[in-house]
Every structure is written in C-alpha cells, then in structure tokens.
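Written out below as structure tokens is the structure these notes cover.
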Amino acid sequence: QVQFVESGGGLVQAGGSLRLSCAASLRFFSTHVMGWYRQAPGKQRELVAQVTGSGSTNYADSVKGRFTISRDNAKNTVYLQMNSLKPEDTAVYYCNALRLATSDAYWGQGTQVTVSS
C-alpha cells in the first residue's frame, strides 16, 4: 500500500509563499510522474503541476510563473513552491503519483492551503 506524507499547507496572506512537500513510499519512485492537484469548494479537482522522473515539468496556466514543482528522487519526495499566492489559490492540495507504464495512480490525503485577502 502506497503511503504519502504531505506537509506545508496553512494560512497565508495574499502575496505570500508556501512550500508543500509530499514524501511517498513508492517503489521505483523515479518511474512515476509526480503531480500536485487542487480542489476548491464546489469545484472539480484540477491539475496544478507535474514533474516527470527526468525533471520535465508541466503547469496549469493559472500558476505559471508563480509556482515551481520539483522532486528529489533520492528522498522519494516532490515539492511545490508557491509564491505570490492569491485568494483564488485557496484549496485542498493533493499529491499524485502516476506510473505511466501501468497507468497506476495514487493520491495523498490532501493538505489545506488558505490565502486571505
């Protein structure tokens, strides 16, 4: 069973920064595409950012230039550095692991990010 330890969420004022971390008990961590998704109240879960095992990244247009995703394969950990936060970034942020070879996908329990105006 895959386990995730997510941390770094919290309450911050608009314009502030937070750094999310997600440590995953995954075998062959580097073969998984790691991502962060978010879900705001009353809205569907949406992709925020992804990073492949080799470091290629993909971002939602709404966070480009403000958020940075990175990973440390030696620590089985993925990070999301969030700068210039806006109230519309308020959501529960979920860590995701996707193994492309098998289409197996795993989710963390989520961490709340609240940005006050």
Side-chain angles (χ1 to χ4, degrees):
Q1 184 176 354
V2 179
Q3 293 184 330
F4 295 85
V5 178
E6 298 178 355
S7 61
L11 173 63
V12 65
Q13 289 187 332
S17 298
L18 286 173
R19 188 191 193 207
L20 305 183
S21 298
C22 171
S25 64
L26 280 167
R27 293 187 67 190
F28 312 117
F29 178 80
S30 64
T31 66
H32 291 75
V33 176
M34 298 301 297
W36 288 96
Y37 287 71
R38 67 186 180 188
Q39 187 167 19
K43 295 187 176 182
Q44 290 188 331
R45 191 173 297 188
E46 63 176 1
L47 174 67
V48 176
Q50 285 180 315
V51 58
T52 67
S54 60
S56 297
T57 58
N58 177 44
Y59 295 93
D61 288 343
S62 59
V63 306
K64 282 181 181 177
R66 300 188 298 123
F67 290 11
T68 301
I69 190 170
S70 61
R71 64 191 292 162
D72 185 336
N73 290 334
K75 296 182 178 180
N76 279 27
T77 301
V78 62
Y79 306 95
L80 185 68
Q81 178 67 43
M82 305 185 293
N83 298 329
S84 303
L85 282 160
K86 305 175 181 179
E88 51 264 44
D89 294 319
T90 295
V92 178
Y93 283 70
Y94 296 91
C95 181
N96 171 266
L98 174 64
R99 190 174 187 190
L100 294 177
T102 60
S103 298
D104 292 332
Y106 308 94
W107 293 93
Q109 77 281 5
T111 184
Q112 177 70 45
V113 171
T114 303
V115 184
S116 63
S117 57

Item to check | ring-ring contact (aromatic ring centres under 6.0 Å, His included) partners for Phe67, two or more places apart | outcome: none
Checklist entry - Can Cys95 and Met34 be said to form a side chain to side chain contact (heavy atoms under 4.5 Å, CB included), step by step? => result CA-CA 7 Å; Cys95 181; Met34 298 301 297; 3.9 Å; yes
Checklist entry - With distance as the sole test, does Gln39 use its side chain to make a donor-acceptor pair with the main-chain N or O of Gln44 at under 3.5 Å? => result no
Next on the checklist: Just so I know, are the side chains of Tyr93 and Gln112 near enough to count as touching, which here means a heavy-atom distance under 4.5 Å?
Outcome noted: no
Checklist entry - Would you find a donor on one side and an acceptor on the other, under 3.5 Å apart, between the side chain of Ser25 and the backbone of Gln3? => result yes
Next on the checklist: Treating Asn58 as the side-chain partner and Ala49 as the backbone partner, does any N or O pair qualify as donor plus acceptor under 3.5 Å?
Outcome noted: no
Checklist entry - Does Lys64 come within less than 4.0 Å of Asp61, counting only side-chain N to carboxylate O? => result yes
Checklist entry - Is it true that a side-chain atom of Asp89 and a backbone atom of Val113 form a donor plus acceptor pair closer than 3.5 Å? => result no
Checklist entry - Is the closest side-chain heavy-atom distance between Thr52 and Thr57 below 4.5 Å? => result no
Item to check | Test item: Asn73 and His32 side chains (from C-beta on) under 4.5 Å apart, heavy atoms | outcome: no
Item to check | Phe29 and Arg71: CA distance, side-chain angles, deciding distance, side chain to side chain contact (heavy atoms under 4.5 Å, CB included) verdict | outcome: CA-CA 10 Å; Phe29 178 80; Arg71 64 191 292 162; 3.3 Å; yes
Checklist entry - Between Tyr59 and Ile69, which heavy-atom pair has the shortest distance, and what is it? => result OH-N, 2.9 Å
Checklist entry - According to the interplanar angle, ranging from 0 to 90°, do the rings of Trp107 and Tyr94 count as parallel (below 30°), tilted (30 to 60°) or perpendicular (above 60°)? => result perpendicular
Checklist entry - Do Phe28 and Arg99 have side-chain heavy atoms sitting under 4.5 Å apart? => result yes
Next on the checklist: Can a donor-acceptor pair be found, under 3.5 Å and without considering hydrogens, that links the side chain of Asn96 to the backbone of Ala105?
Outcome noted: no
Checklist entry - Looking only at heavy atoms, what is the nearest atom pair of Gly110 and Val92, with distance? => result CA-CG1, 3.8 Å
Next on the checklist: Measuring only between side-chain heavy atoms, which start at C-beta, is Met82 closer than 4.5 Å to Arg66?
Outcome noted: no
Next on the checklist: With a 4.5 Å cut-off on side-chain heavy atoms, are Val48 and Leu80 touching?
Outcome noted: yes
Next on the checklist: Under the criterion side chain to side chain contact (heavy atoms under 4.5 Å, CB included), I'd like the reasoning laid out for Tyr79 against Asp72: C-alpha separation, chi angles, the key distance, then a yes or no.
Outcome noted: CA-CA 8 Å; Tyr79 306 95; Asp72 185 336; 4.1 Å; yes
Checklist entry - Does the side chain of Tyr37 come under 3.5 Å of the side chain of Arg45 through a donor N or O and an acceptor N or O? => result no
Could you tabulate the donor-acceptor pairs under 3.5 Å formed by side-chain atoms of residues 11-22, not counting sequence neighbours?
unit_1: Ser17; atom_1: OG; unit_2: Asn83; atom_2: OD1; d: 2.9

Item to check | Side-chain heavy-atom pair Leu100, Val33 within 4.5 angstrom cut-off | outcome: yes
Item to check | Leu98 and Asp104: CA distance, side-chain angles, deciding distance, side chain to side chain contact (heavy atoms under 4.5 Å, CB included) verdict | outcome: CA-CA 6 Å; Leu98 174 64; Asp104 292 332; over 6 Å; no
Next on the checklist: Between Thr90 and Glu88, is the side-chain hydrogen bond (donor to acceptor under 3.5 Å, both in side chains) condition met? List the steps.
Outcome noted: CA-CA 5 Å; Thr90 295; Glu88 51 264 44; over 6 Å; no
Next on the checklist: Treating Thr77 as the side-chain partner and Lys75 as the backbone partner, does any N or O pair qualify as donor plus acceptor under 3.5 Å?
Outcome noted: yes
